Each structure stands twice: as C-alpha cells, then as structure tokens.
Amino acid sequence: MIEWKHRLAPVAIVLCSIALIQPTEARPFVSGADDLEVTVGGAVQPRISYGHSDQVMVTDRVGFGLRRARTRISGTWGMTRVEADLDFATMSAVQLYATLKLSDNWRMRAGYFPGAQPQAYIPTSMTKIDGVERAAIAERWSRLTIGSSGRDLGVDLKWSNDYAYASVWLHSGLGSLNRSGANYRESPSSHNATRGVDNMALAISGSLGFTPQDGLELGGYVGYNAAGGARAELTPGIDRTVTSWSAHVYWGPDPGSQFLRLKAEALGIMIEGDDPPAAGGPPPQVDLSHFGAAGTAAIGIIPHGEVFARFEVFDEDDGNDLTRYLSTGVMFSPSAMDGGPFARERITLLYSNAVRGEQTDHIAVLQGQWLF
C-alpha cells in the first residue's frame, strides 16, 4: 500500500493543481496574491531501440521505450517562483523548489533541484541534448557523486548578467529525497531529532560561465562533497569525500542554433575514504582519480536539421583500459521547418557504442520529442 501511495503521489499533485487552476462555482480558486500566474508545460520523448551487448554473455534486444514524459507546473507572483517537475515515465518528482529574485542580477533557490555541476549534465536541458543522451562522461560523474538524478536538497545563490554568471550551492551531498538520509525534516513530536542519523557533513559546489559573444560559451565547475555522495547514503556507515571539477568550451551549445557547432569538455572526480564493505570484512579504503573528456561536432548540412558526432574517453583509475564512447546520428525538426523552435518537435536517429578492452555495447535509437 505504501508503494502505491508513493507512485500515485505525482498524479495526485497534478490533479490537485489542475483543480486549483480551473476555477468552478462550487470551489473557486482563491489566491492571496493578485498577480499570481500559473503555467503548465511538459515534454514527451518516445523511442524505439535496438541494442547488442557482449558483457558476460551476448544479448540482443529490440523494443519500445519512453525516455522522458515530464510535466512542469510553476507559479509566479511578485519576485517569487515555485516550480514542480514530475516525470510520468518513472512516476517520481524530478525537482521541487522555490526561487526568490533578489534583484535584476541576484536570485536564490531552495528545495530539491540541480545546482552547480558540469555543464554537460543537467544544465544541458533535456530538450537540447546532442542526440538522445547527455555526454557519457557527465553521466559517469553523476553516478559517482550525487546520483543519476543530478538533483539534491539545498540552497543556492546565483549572480548573472547578459554575459556571465556565477553560483554557489550548499547542499546535502546525498542527492535524494530519502528521509532516512538526505531529507532532514524531523519535528519535536517524533522524540528523535536526528532520526538516528549521525552526520554533520554537507557539500558545497560552485560554477561560473562567460558568453563573450553570441554562440560562444566558456565555463567551469568545482565541488567538494564531505557527505560522500549517493553511494554513501546507499551504504550507511562508510566515510568518504568526493571532490570534482569540470571545464567546457561550446561554440553553438544548442542543436539547430547555427550551421557549425563545436563542443569540448573535461571533468575529474577524486574519491577518498571507504568503499562498501565485502561480506564480513572491513570497509576497503579507496583513493581514486577519475578523468573524462568529450568532443562534439554538428553541422547543418540538411534542411532544418543537422548531422552530429561525439567522441569521449573515461579513465576509471583501475589499471584497465580507458572506456571509449562514440555517438553519431542525425536530427531533424518539423517545427523548425514551419518556422518554430528547433527543440519543440524533433526526430533523432542515433547510433552509439561503448568500448572497453574486449567488451563492446552497441545501441541504435529512433527517438521523437514533442514539447507542450
């Protein structure tokens, strides 16, 4: 019963929101703010995929999938904005936070959201990804740090103008909404102010970026996670720290934005402390330095579309071969053909592979994208 309540919670939130947004004579919507504006939008990314893997045993698979089905509900009044993003493909909350605009250049956010991190991950919008997935090295970064969601509970402060931005994010470092670890929301009535968790460690991250001219973007990120990241929450009792950094240079960051686009990025992850213990043994000590680099090129040689390729390498610091990733394909935008935004309607055909030593994975994907 608890599991079904959890899975139905996002649906209940949306239905309640719709009920509030659509006034009725029986139950009118009453707002304490006369200038309240409520907006609802979203995106759907269905796909069909074929994959081949020779990991352990040779397997082949073909099938349909729903990569993302997102709904975004936001309310804005005065200098404040509250946003809730829900994913119906996984029946979960993607992000829930409030933003306070302090001035024309300063804003503060609090809640569960993606803060400072490598530009190749969540800052690259899901609707503006090169191909169908973000850079593999950025996904590896997330799994080794705050988790694959790329979100965390915390508060951040950002300064920006037309040419630059800088932000700092103080967050839990565990990357989840799990009450037993990251989501600290106890009250005196529980007679357990800590919920049995003994932890004084947090994470701090910062990022900055520059846009010296249209189409050119440069930036970097650095983070120190004393709480140990998502793996530390999955295995209570292990003591670890995670330090990471990234740098990027983009000439044409968004698909369809210009005839020739070039992107380069690099990132590093340093992990020190304990690893999850083997059965009956003490936690093994780890001291690892991971490194990844990626380069992307796209050219608009077809009307209302482009051909693209991305090559990446990732060093796992385990004495074995580098992992190499290749993605290449073509993107076409029916909405751009009608004079609309490139991202609103997009069809992508992609081939990608991952190679490490004698092991290889291949996947071919045909994915659609519709924004509403």
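Remember, it's a predicted structure, so these values are computed and weren't measured experimentally.
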Trainee: Quick one: sort the F291 and W245 rings into parallel, tilted or perpendicular, breaks at 30° and 60°.
Mentor: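 Because their plane-to-plane angle lies in the 30° to 60° range, the rings of F291 and W245 count as tilted.
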
Trainee: Going by atom types only, do D317 and H290 share a side-chain donor-acceptor pair under 3.5 Å?
Mentor: no

Trainee: Can you name the closest pair of heavy atoms from T328 and A309 and give their distance?
Mentor: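 Closest approach of T328 to A309: OG1-CB, 4.0 Å.
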
Trainee: Is the closest side-chain donor-acceptor distance between N199 and Y184 under 3.5 Å?
Mentor: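 Distance-only check fails for N199 and Y184.
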
Trainee: Distance-only, no hydrogens or angles: does the Q369 side chain make a donor-acceptor pair with backbone N or O of A343 under 3.5 Å?
Mentor: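 Side chain of Q369 to backbone of A343, a donor-acceptor pair under 3.5 Å: yes, one is there.
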
Trainee: Check whether any side-chain N or O of Q45 sits under 3.5 Å from a backbone N or O of M126 as a donor-acceptor pair, and report yes or no.
Mentor: yes

Trainee: Return the set of residues passing side chain to side chain donor-acceptor pair (under 3.5 Å) with Q258 (not counting sequence neighbours), or none when no residue passes.
Mentor: none

Trainee: Decide, yes or no, whether a salt bridge links D274 with R240 under the criterion of side-chain N to carboxylate O below 4.0 Å.
Mentor: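 The answer is no: the pair does not qualify as a salt bridge.
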
Trainee: Just checking R344: does its CZ atom have more than 12 heavy atoms from other residues, nucleotides or ligands closer to it than 6.0 angstrom?
Mentor: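 More than 12 within 6.0 Å, yes.
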
Trainee: Report yes or no: is the cationic atom of R109 (NZ for Lys, CZ for Arg) under 6.0 Å from the centre of the six-membered ring of Y97, at an angle within 45° of the ring normal?
Mentor: yes

Trainee: Using the ring of each side chain (for Trp, its six-membered ring), is H248 parallel, tilted or perpendicular to Y250, with breaks at 30° and 60°?
Mentor: tilted

Trainee: Do the side chain of R134 and the main chain of Y121 share a donor and acceptor less than 3.5 angstrom apart?
Mentor: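 Answer holds: yes.
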
Trainee: Are side-chain N/O atoms of D156 and S167 paired as donor and acceptor at under 3.5 Å?
Mentor: no

Trainee: If the plane angle is over 60° it's perpendicular, under 30° parallel, otherwise tilted; pick one for Y221 and W141.
Mentor: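 The rings of Y221 and W141 stand perpendicular, inter-plane angle above 60°.
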
Trainee: Quick check against the 3.5 Å criterion: does S333 have a side-chain atom that pairs as donor or acceptor with the backbone of E345?
Mentor: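 Between the backbone of E345 and the side chain of S333 there is a qualifying donor-acceptor contact (under 3.5 Å).
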
Trainee: Between D130 and K263, is there a side-chain N and carboxylate O pair less than 4.0 Å apart?
Mentor: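 So D130 pairs with K263 through a salt bridge.
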
